[in-house]
Number of protein chains: 2
Amino acid sequence: MNNMSNRPVRPQGAAIGDRIPFCANDESGQWRIQAMSAVTGPELPIARYLHIGDGGPENTPVWTLSAFVSNLRYTTALERQALHEQQAGLGRADAQHAVLIPIRKNAVWWSMAQDERREIYTRSDHTPIGLDYLPAIARQLHHCRDLGEPFDFLTWFEFADSEADRFRELLTRLRATEEWSYVDHEVEVWLTR
Amino acid sequence: MNNMSNRPVRPQGAAIGDRIPFCANDESGQWRIQAMSAVTGPELPIARYLHIGDGGPENTPVWTLSAFVSNLRYTTALERQALHEQQAGLGRADAQHAVLIPIRKNAVWWSMAQDERREIYTRSDHTPIGLDYLPAIARQLHHCRDLGEPFDFLTWFEFADSEADRFRELLTRLRATEEWSYVDHEVEVWLTR
């Protein structure tokens, strides 16, 4: 009954509710996997390429993580305005690097009510830290907790070669926050076009 | 990779992320459909039974709506405590009536930020109105907007025969709120065991 749905299309071409598969495999993909490492929790199996979208029969997935683009869950109207004014889109010609970061938060996080989670999000400067790296580091959040996936979020970052050190700084700052104390599984997947 | 997931199981037996199909058909189901009517927007096709869960080959679906149980998106810690203290579970022996209400909210609602949606939710007394009918009218919210389904939510209510008039009053009060002005598709499906 999907034809009854009429959702606004996102700038990146993914509509709300579209399920996007991120398929790691050894044959082909839009992105070559440069490095993979678990920051917290178990590693993901090593693979050579990341294919985004439904794969053809030529691709044997080593692992597939699926997620969807949704509305923002914590961001206020003021924060969103600041983000919109400063952020850049995905797919810029000079953004030859991408990093996929699958994250899972623990049961304590998810047992909290909306206002309790929002308070930690605010105290952790989640939005201000991200704003410091705009527009150089573009970002798209994908949700997967509600799909029964092993992670809760897949965050996608894109940036130019010159911005790699600043991107590492962004990760260091976020991981030092109170919010990140609730992360119990996090993997970095570094990619080049 | 679902085996990596370890989610708390809900009292009703549905785990976070479990996708639950509500399958209307003419052959069989745990619930008999008594009446169906669209409050706003198009009707759903008429059927005789509602089967919840994966159907066997003997059931030809007239329509199927799928959704998942998730964490609360607006409820504060205080509100949640009040709900937990007063609410009853699903499946009570005397709760012979159920109503399934699929709801879709319009693009204006979803274009608002979290704080803007929460303000309308608060001004609309969404939680206080629901509390007035606890524990007599049990309720479970299911999400489906992120699945590309035609509705955003499937709300499930259960109550005894003696509570039907109070349930209608609950619906009347909710539908008179500011929040409901953003609902552009709503159907009532009345059921008996």
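Just so you know, these numbers come straight off a predicted model, no measurement behind them. Letters A, B, ... mirror the listed sequences (proteins, then strands); counts begin at 1.
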| said: Quick check on side-chain contact (heavy atoms from CB on, under 4.5 Å): which of A:Arg118, A:Arg80, A:Gln114, A:Glu79 does B:Gln114 satisfy it with? | reply: A:Gln114
Path from [X] to [Y] over hydrophobic side-chain contacts below 4.5 Å:
| X | Y | answer |
| --- | --- | --- |
| A:Trp31 | A:Val62 | yes |
| B:Leu131 | B:Phe167 | no |
| B:Leu174 | B:Tyr133 | yes |
| A:Leu83 | B:Met112 | no |
| A:Tyr49 | A:Leu191 | no |

Shortest non-hydrogen contact from [X] to [Y]?
| X | Y | value |
| --- | --- | --- |
| B:Asp115 | A:Thr76 | OD1-CA, 3.2 Å |
| B:Ala77 | A:Ala113 | N-CB, 3.3 Å |
| A:Asn71 | B:Arg145 | OD1-NE, 3.4 Å |

| Rounded distance [0.5 Å steps], CG in B:Asp146 versus CZ in A:Arg19 | 11.0 Å
| message | Counting only non-hydrogen atoms closer than 4.5 Å, does B:Thr75 touch chain A with its backbone (N, CA, C, O), its side chain (CB onward), both, or neither? | response | backbone
